Amino acid sequence: MCKNMCGVIGTVEGKTVRVSANRNHPQPGICGRGAAGPYLLNHPDRLKSPLIRQGDKLVPTSWDSALNKVVNYLKELRDQGHPEYLAITFHDYGKEMLERFSALYGTPNLIGHESVCHGPRTVAAELVLGAEGPRSIDPDYPNSKFVVFIGRNPLEGIVPDIVRRIDEGRKKGMKIAVIDPRKSAIAQRYADRWIPIKPGSDTAFLLSVIYYMINNKLYDEDFLSKYSNAGLLIYEDNLASSGKYSSDLLYEGEENGRRVSTAFRLLMKEGEKVYPRLKDITGANYDDVKYIAENLWENRPSAVIDDGWHTSFSTDSSYTWMSAFIIDAMIGNLDKQGGLIFSKKPKIKLYDYSNVKAKRIDKIRYPLTYAAFQEVYRSILTGNSYPIKALMVVGTNLDGRDPNSDLVRRALEKVDFLVVIDVMPSDVTQYADVVLAESTYFERDELPLPVGWTLEGWIDVHQKVIDPLYDTKPLWWILLELEHRLGLSDDTFETLENRILKQFNINKEELYKKGCIKIPSEIYEVYPYKEKLNTSSGKIEIYSEELKNNGYYPIPTYIEKNIKPRDKDEFYLTSGHTLYHTQDSITFDIPTLIRIAPDNPVTINEEKAKELGLKDNDVVELISLSTGEKVTCKVKITNDIRDDTVFTYFGFGRHSRGEKFAYGHGFDVNSLISDQLTDPISGSIAQSLNIVKIRKAK
């Protein structure tokens, strides 16, 4: 139902299924989405059996017929020597089994949603810290004294346990600063300071913080000397590494007759470029910089810039998050109580070999990307760099997820073969050749897997509450059936389960009785103290050899932008997560949630609304200067947003009549967002650099 997979308990009372938070789980809690989950069981719109296309209709069929149709097409691609012509996409859930299937089948093109979510912070985490996605590092909120959130709003983009841990820290006196063009829920309720910077200026602001900290000696010199490449000498003429280090972190001089500076000095110079123009670039002031820098330093190491989540905002967002992680390193907070912690959760791999030979389609254009799924659409439509002929969509609604809705729909119409695995009929389902109906989370067992958001190592097991009400199957069963019919494996649920239990020496009976078991591990002062980081140098990398080798500027830098509102009726368009829905197929069609959040009005600054003659709930037209598309919606007037920026929630505007409750509610923000404005390093979409005109509807 949701990628967060919080610990819940399901109970059956007659024909009624209820859910509550599992307080013995390491990630306890339940939100409105989870509480509404039981409605899925008897939902009139849910997928009740496999479907197969006959003409312009999808009709019920048997599992044998549906699976054989999928297998026949996939076998044909494989027999032709081109398994890479299959692309698979998903939204976190099922990742381990999908990685296994992709590897065994031989396609590199398992590509998720990250180009519209955490792509930039994840690429930055890999480059600077050798970490991975948002769950690989996390602030130690309960013990933090000062936390900076950049464009993140945990109170709506919600993991209940993260909110609980933030509250725990606040009870101990934690201070919070929020950097965001909009005064989000966390800024309204929790922040000691809200800094409303211009969209696309985060990198300039953080480089200014770095410049202030270096100039005022607010950095842990011993930590940086020992655990980072801050002292690495870089040739100034071509920014290549000399391979030598200086004990003076701000050294500049000559080496082999060429000018050299340390990586740390070059970083300071990047800050020096933007610091004098701080107000003009960001809209923030020097006291904001001073406040962030000094609070981070004075509360070290129990202070942290939060590692972010939805970070696909600008053309330099990878540099934004490199800067953020470097600031964390400057105060020596890595793996320190109250700082930025490397999660000690165990890693699971469900296969021993890979049949992948081709290069992933998005890595041809963006070699360092974590995911840039827009390249799949381009491949379907153009055949470049090689054709994607088959697409498997698992539990994600591409139309509600990805930019440039016209591009998405044209690709879905053109792709040779489309198979959808889902619980509900999303916008994608109407294009499908085959639909494989998945059981709801109440009706399926799952393999034991690591718990997502804990700092400690935990394994939990998902146990079904009732047997399936209809002719539906779990994702793991579907993928294993495809493997068997394609001759890729003879594994079963039991053999994979035993593999996991054996890897962690877990007693099966105990696990199923308790629901979760802790894997003993040290939490603090492991990385980079006892273990090297997973970077090329084993250190924190302020200067990135990997960026240099791939033709990118190797140190965080602010990229100048010529995209901005130029008329009084033009605004930066920003968007984010609503508390009550995911952007995927599951929750939008639940009537109770639709009643609570029926649409997505555009939020506009009060003074700008007056200037345009707008009142609360007026209907307006939004015209995108990026895509040329136009939508209508209501306006919501507030003082809690910059006057050059508007905000709305994404995921609305469903155009499939399969989800009857969701249909017609709100507008499709993705139609206004360009797929062409990207961060060249991560390949992520610059979602906040799209300009819209607002006019009162006639």
Side-chain angles (χ1 to χ4, degrees), residues 67 70-71 73-115 119 122-123 126 130-133 135-136 345-373 375-376 379 385-395 417 419 421 447-450 475-500 502-504 534 536 546 550 683:
L67 290 169
V70 177
V71 166
Y73 194 93
L74 297 188
K75 188 174 186 304
E76 188 177 326
L77 290 184
R78 207 159 185 267
D79 288 347
Q80 292 169 358
H82 290 294
E84 71 274 14
Y85 290 179
L86 166 68
I88 304 172
T89 192
F90 66 112
H91 196 123
D92 290 348
Y93 162 67
K95 182 178 181 180
E96 293 83 3
M97 284 298 294
L98 289 166
E99 285 178 338
R100 170 192 162 92
F101 177 78
S102 302
L104 297 182
Y105 179 74
T107 180
N109 292 313
L110 175 65
I111 306 172
H113 69 296
E114 288 83 4
S115 68
T122 296
V123 169
E126 290 173 338
E132 298 173 356
R135 303 176 189 203
S136 67
K345 71 176 184 178
K347 294 185 178 180
I348 283 175
K349 189 176 178 182
L350 297 179
Y351 59 96
D352 297 316
Y353 63 92
S354 172
N355 290 313
V356 171
K357 295 181 176 63
K359 191 166 187 176
R360 214 175 79 187
I361 192 77
D362 55 339
K363 284 185 173 287
I364 295 170
R365 185 176 182 184
Y366 302 108
L368 299 181
T369 186
Y370 195 81
F373 195 77
E375 294 303 299
V376 172
S379 174
S385 297
Y386 55 78
I388 295 295
K389 295 188 174 182
L391 180 58
M392 182 184 292
V393 180
V394 181
F417 188 76
V419 56
I421 303 173
L447 291 168
L449 290 171
L475 175 63
W476 60 261
W477 183 94
I478 294 168
L479 294 176
L480 286 177
E481 277 296 308
L482 292 176
E483 287 180 20
H484 299 163
R485 293 172 189 230
L486 287 163
L488 302 176
S489 84
D490 57 3
D491 272 314
T492 64
F493 182 94
E494 288 73 25
T495 61
L496 294 178
E497 180 184 56
N498 288 336
R499 177 186 179 122
I500 295 167
K502 185 177 179 181
Q503 180 182 342
F504 299 108
N534 192 30
S536 57
E546 195 164 3
N550 281 281

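Every value quoted in this text rests on a predicted model; they were computed, and no experiment measured them. The figures that follow rest on heavy atoms only: side chains count, while hydrogens, waters and symmetry mates do not.
Within the 4.5 Å cutoff, the side chain of Y105 has heavy atoms near those of the L77 side chain. In this structure, M97 and L350 have side chains that are in contact, with non-hydrogen atoms separated by less than 4.5 Å. V376 places none of its side-chain heavy atoms less than 4.5 Å from the side chain of N109. Contact of the T107 side chain with the F101 side chain is not registered, since no non-hydrogen atoms from C-beta on lie closer than 4.5 Å. E481 has its side chain out of reach of V71: every pair of non-hydrogen atoms, C-beta onward, lies at least 4.5 Å apart.
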Go through the steps for L488 and L482 under the test side chain to side chain contact (heavy atoms under 4.5 Å, CB included), then give the verdict. CA-CA 8 Å; L488 302 176; L482 292 176; over 6 Å; no
Apply side chain to side chain contact (heavy atoms under 4.5 Å, CB included) to Y386 and K359, showing your working. CA-CA 10 Å; Y386 55 78; K359 191 166 187 176; 5.6 Å; no
Walk me through whether I500 and E96 qualify under side chain to side chain contact (heavy atoms under 4.5 Å, CB included). CA-CA 12 Å; I500 295 167; E96 293 83 3; over 6 Å; no
Side chain to side chain contact (heavy atoms under 4.5 Å, CB included) evaluation trace for S115 with E375: CA-CA 10 Å; S115 68; E375 294 303 299; over 6 Å; no
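Counting all heavy atoms, side chain and backbone alike, L74 lies closest to A390 at CD2-CB, 4.5 Å. Here the closest heavy-atom approach between residue K347 and residue Q503 is recorded as O-NE2, 2.9 Å. The shortest heavy-atom contact between P346 and P450 is O-CG, 3.2 Å. Heavy-atom minimum distance, P108 versus V356: CB-CG1, 3.6 Å. Of all non-hydrogen atoms in G94 and L475, the two that sit nearest each other are CA-CD2, 3.7 Å. The minimum heavy-atom distance between I361 and S385, with the atom names listed, is CD1-N, 3.7 Å.
Remark: side-chain polar atoms of R499 are paired, donor with acceptor, to backbone N or O of K349 under 3.5 angstrom. The main-chain N or O of A131 is never found under 3.5 Å from a side-chain atom of S136 such that the two would form a donor-acceptor pair. No side-chain donor-acceptor contact under 3.5 Å links T122 to the backbone of G119. Using a distance-only test at 3.5 Å, with no hydrogens or angles considered, a donor-acceptor pair links the side chain of K363 to the main chain of T369. Between the side chain of D491 and the backbone N or O of L496, no donor-acceptor pair lies under 3.5 Å. Counting only distance, with no hydrogens or angles, the side chain of S102 and the backbone of L98 share a donor-acceptor pair below 3.5 Å.
Atom OG1 of T492 is separated from atom CD of E483 by 11.0 Å, given to the nearest 0.5 angstrom. Atoms OG and CG, on S489 and D352 in that order, are 11.5 Å from each other to the nearest 0.5 Å.
Between W476 and F493, the angle of the ring planes lies from 30° to 60°, which puts this pair in the tilted group.
Cation-pi contact between K75 and Y73: absent, since separation from the ring centre below 6.0 Å together with deviation from the ring axis within 45° is not met.
Heavy atoms from other residues, nucleotides or ligands lying under 6.0 Å from CG of D490 number 12 at most.
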